[in-house]
Every structure is written in C-alpha cells, then in structure tokens.
Amino acid sequence: YTYDSNVDADSSNEDDSIFAVNPAVDFEWRGAKWMLVGNVWYRHRYFCEFNDQMGENSYGESLQFRYASYAKGWSLMLSQRYAFINQSDDLDSMGGGRGIWRDRQTLDLAGVLERRFTERWHMDIQGQYSWLDYDNDTGRYAPLIGWSQYSAGAQFGYAASKWTDLLVAAGYSRYDQDIKSSDFATYRNYNENSDSYSIQAGIGTRATERISYRLLTGASWFDYGGGSSTDCGWTYSLSGNWRIHRQVQLSVLGSSYYEPSDQYVGQARKVYNLSAGVSYLTLGDRLKLSGNVAWRYDETCYSDEVYTSRENYDRTHISARIAADYLLNRWTSVFVHLIWDDESCDTNSYYDYNRVRGVLGIRLHY
C-alpha cells in the first residue's frame, strides 16, 4: 500500500491511495567461473480515486551472464533487460503521472569484454544498445518522442598498487530520435541523429578489502541535430562502497551524460546526478535500516531557436528516502519506506512540485 501526496508529480498536488501486487521469479545458475541470473516480473497497481486514468499492468524481464578468469585472461559480461510500463509516465521518468500517462517499452542490451594482459595491465571494451518507444495513440496530447542509442567505449588500466588502478576511458554514443517526417517542415536545421563523445581519466578498483571505488573525470562533447549545434563541458563517473564493518555499509554513485529529449523535436539535455546512502543491519541481521539522498540536474540544450523560454528551462530534482525491512521468518518479510521528492525549475514555477510517498508492504519469498 502507498499513500502518494502528488500522483501527477506536478503542481496540482492531487493525492491518492494505491494498492499494488508485484509477483516475480528469480533464478541463478553458477559454474566454476561463470554465472547466469535472470528475473521475470509483473506488476498491477490499483488507484483508489484515479484508477480509470492511472491503473496499470506492467511487466518485464532481465538476464545477465558473467564469465571471469580471476588471474590473467579474459572476462565477459552480457546483459539484457526489457520492460513494458503501462500508463504511469511523467516527463522525468521518476514516478507516476496522469498528466501524460503514455505506455512505453524499453529494451537495453550491453556487453563488456575485459582482457588482463599481465598482473598490472588490463583493457576492456564495452558496447550498449538502448531503445525507448511510446504509445502515442491517446490523441489527447502531443506525441512523446522515443529514441534509440548505440554506444561503444574502451578503458585502459594499470595497477599502480595492489589496491589501486590508474584508468583512462573513452566513449562514443549515437542517438536517433523517432521523429515524424512532418516535423522537419518546421525544424529544418537538423536531423534526428546526434553524436556524443567523452574522454576520462581517474582511479579505481579496491582501496582495502572493505572499500571499493571508481572515480573518472574528463570532457564530453555532444553534436546534436545532425551537427547543427555542439555542446561541450565537464563530465564524471563515480561509484564507491565502504563496508565499515559487517553491519554498516556506505555507498555513493554519480555520473553525467547527454540524452535526447522525449518532449521536443531536436532538444537535448545534459544530466548530472549524484546519490549517497547508508544501511545498517541489527536484531540478528533480521532488521535492515537504510537511508539515501539523491540529486539530479537536467541542463537543457536546443538546436533550434524556435523554442520559447517556457520550453527552454533547467530542472533540479532532490529525493530522500528512509526505509526499514524486517525479516519475520524464512518466507516472509515486511517493509516500510518514506520518500520525499522536490523538483524546481529555473525559469517557470509551473514545473515546481513537492511529493511525499509512504509505502507499507509484505514480501513473500520461496
């Protein structure tokens, strides 16, 4: 059960109570050097007041394969994920909203191949494909814009010490907005293709047996709308985990990247995000207490001056969560979560909102 103070994630502040059921099947198959894990899930959400507009059935699946040669040799990771999300889509993809409520499909494919040449030198190559598609048959609103992304990258590393690697990484992405041919009559200065480049350097791997980290920073460029405009600037990638002792763990995660807009033809945005969290096990490891905070900043870029100041805005999103998960017995656990969100726009208060969600649930597992 969830109480949501702002189901539209906008300034209207419409609240509702939501009941959800989310059955899933997980599996894991291990060998001496490899592992295959998978997941299939289904979700139904019932809104007490707005169910005709927001009630949903969603489903998805994921697969991941890993092979690792822990000494010198090859390592491989392959992953695939698909989801159909029904009628719970706001423009930030951060929650449910009936102001737009488009059904959408997403597909992600990724692979990483690593080669350790010696005890100190290693290299990996990466590839990824992402696809986002909206169902625009509602006819009530202007269509949202799906897109696909093709990415490739490489990373070189040198183990300067037992616990620290020096890293250099470079990447390339191509984005294709799913634009109708009629849109080009209005926006003639670009096409649907955009290209992103980045180069970064930093450090990674483990600092001690209990600390792992990765920190890269550098520069990125984005040629969007067929090269009609270019944006460039600083970029970063950050992850870290510190197990202070068996019961307490701290973590941090952050990145910046470019992506096309799903609202406007030819629009692009640069996203910066950073999050941190802490978890604590107690009562014989039966109770897990956790808290985290996340920050996201969307910087808008445009390739055509046809857009107005109302559409040309930057957004800041801050979210905080506290949670308690308690294991009743081998088959049953209960959980309580409290989530607070705040979003602000630099030029138009229409997009500002606050949101509080309280979640109470029971999880049955076999």
Side-chain angles (χ1 to χ4, degrees), residues 1-2 4 7-9 18-30 35-47 50-51 53-66 77-112 126-138 143-151 173 175-178 253 255 257 259-260 262 271 273 275 292 294 296 319 321 323 325 333 335 337 339 341 357 359 361-366:
Y1 164 79
T2 299
D4 191 336
V7 293
D8 292 326
I18 307 155
F19 293 90
V21 59
N22 188 187
V25 175
D26 305 300
F27 69 85
E28 182 176 308
W29 190 17
R30 290 178 177 267
M35 177 176 65
L36 178 67
V37 297
N39 168 265
V40 180
W41 60 272
Y42 165 81
R43 181 181 71 194
H44 175 74
R45 295 204 299 180
Y46 177 83
F47 290 74
F50 300 112
N51 197 62
Q53 297 163 295
M54 299 185 70
E56 58 143 319
N57 295 286
S58 302
Y59 52 86
E61 52 80 25
S62 64
L63 282 171
Q64 187 176 88
F65 172 80
R66 295 180 182 177
M77 189 278 287
L78 301 172
S79 64
Q80 174 270 331
R81 180 176 59 185
Y82 169 81
F84 173 83
I85 309 297
N86 180 273
Q87 285 190 351
S88 65
D89 189 71
D90 67 16
L91 295 179
D92 299 323
S93 300
M94 291 182 178
R98 66 194 168 97
I100 299 297
W101 56 286
R102 293 288 201 278
D103 296 358
R104 70 180 182 271
Q105 299 182 80
T106 61
L107 174 66
D108 295 284
L109 305 172
V112 179
Q126 308 147 23
Q128 181 175 337
Y129 169 77
S130 298
W131 172 69
L132 168 66
D133 181 66
Y134 287 102
D135 180 2
N136 288 310
D137 293 336
T138 176
L144 294 181
I145 304 169
W147 45 270
S148 56
Q149 173 195 7
Y150 307 84
S151 299
S173 294
Y175 299 89
D176 296 328
Q177 275 190 310
D178 186 14
L253 187 68
S255 63
Y257 53 89
E259 67 180 18
D262 54 5
V271 178
N273 60 66
S275 62
N292 54 59
R296 171 178 168 133
S319 180
R321 181 181 71 100
D325 295 76
S333 58
F335 57 91
H337 297 176
I339 307 123
D341 295 280
R357 283 167 287 170
V359 184
I362 183 170
R363 183 180 294 108
L364 308 174
H365 35 87
Y366 175 78

Q: With sequence neighbours left out, write down each residue that passes side-chain contact (heavy atoms from CB on, under 4.5 Å) with Ser333, or none if nothing qualifies.
A: Leu327, Arg363, His365

Q: Output all residues satisfying side chain to side chain donor-acceptor pair (under 3.5 Å) with Arg66, sequence neighbours left out; order by chain, then residue number.
A: Gln64

Q.
Could you measure the distance from the CG atom of Leu144 to the CG atom of Asp135? Nearest 0.5 Å is fine.
A. 10.5 Å

Q. What residues form a ring-ring contact (aromatic ring centres under 6.0 Å, His included) with Phe65, not counting sequence neighbours?
A. none

Q) Passes side-chain contact (heavy atoms from CB on, under 4.5 Å), Asp341 versus Arg357? Steps please. A) CA-CA 9 Å; Asp341 295 280; Arg357 283 167 287 170; 2.6 Å; yes

Q | Tyr46 and Val21: CA distance, side-chain angles, deciding distance, side-chain contact (heavy atoms from CB on, under 4.5 Å) verdict | A | CA-CA 9 Å; Tyr46 177 83; Val21 59; over 6 Å; no

Q.
Quick one, Gln80 with Leu107, criterion side-chain contact (heavy atoms from CB on, under 4.5 Å). Give me CA distance, side-chain angles, the key distance, then yes/no.
A. CA-CA 8 Å; Gln80 174 270 331; Leu107 174 66; 4.0 Å; yes

Q.
Pair Thr106, Ile85 - check side-chain contact (heavy atoms from CB on, under 4.5 Å), show working.
A. CA-CA 8 Å; Thr106 61; Ile85 309 297; 5.7 Å; no

Q. Under the 3.5 angstrom rule, does the side chain of His44 hit a backbone N or O of Ser58 as a donor-acceptor pair?
A. no

Q) Who passes side chain to side chain donor-acceptor pair (under 3.5 Å) against His337, sequence neighbours left out? A) none

Q: Under the side-chain contact (heavy atoms from CB on, under 4.5 Å) rule, collect the residues that match up with Ala110, sequence neighbours excluded.
A: Ser79, Gln128

Q. Looking at residues at least two apart in the chain, or sitting in another chain, which of them share a side-chain contact (heavy atoms from CB on, under 4.5 Å) with Asp176?
A. Ser148, Tyr150, Arg174, Asn193

Q. Can you tell me how far CZ of Arg45 sits from CG of Asn51, rounded to the nearest 0.5 angstrom?
A. 10.5 Å

Q.
For Tyr59, give me all partners under side chain to side chain donor-acceptor pair (under 3.5 Å), at least two apart in sequence or on another chain.
A. none

(Q) For the CG atom of Leu132 and the CG atom of Asp262, what is their distance to the nearest 0.5 Å? (A) 6.5 Å

Q: Over all heavy atoms of both residues, which pair between Tyr257 and Asn273 is shortest? Give the atoms and the distance, please.
A: CE2-ND2, 3.5 Å

Q. Looking only at heavy atoms, which two atoms of Asn86 and Gly55 are closest? And how far apart?
A. OD1-O, 3.7 Å

Q) Out of curiosity, Glu28 CD to Leu36 CG, how far, rounded to the nearest 0.5 Å? A) 9.0 Å

Q | Interatomic distance, Asp133 atom CG to Trp147 atom CH2 [nearest 0.5 angstrom] | A | 12.0 Å

Q) For Val40, what residues pass the side-chain contact (heavy atoms from CB on, under 4.5 Å) criterion, not counting sequence neighbours? A) Glu61

Q: For Tyr82, check ring-ring contact (aromatic ring centres under 6.0 Å, His included) against everything at least two apart and list the hits.
A: none

Q: Could you pull out all residues at least two apart from Asp108 that satisfy side chain to side chain donor-acceptor pair (under 3.5 Å)?
A: Arg81, Ser130

Q: Drop me the distance from Gln149's CD to Trp131's CH2, to the nearest 0.5 angstrom.
A: 15.0 Å

Q. Which heavy atom in Phe84 sits nearest to a heavy atom in Asp103, and how many Å separate them?
A. CZ-OD2, 3.9 Å

Q: Would you please name every residue forming a ring-ring contact (aromatic ring centres under 6.0 Å, His included) with Tyr42, sequence neighbours left out?
A: none

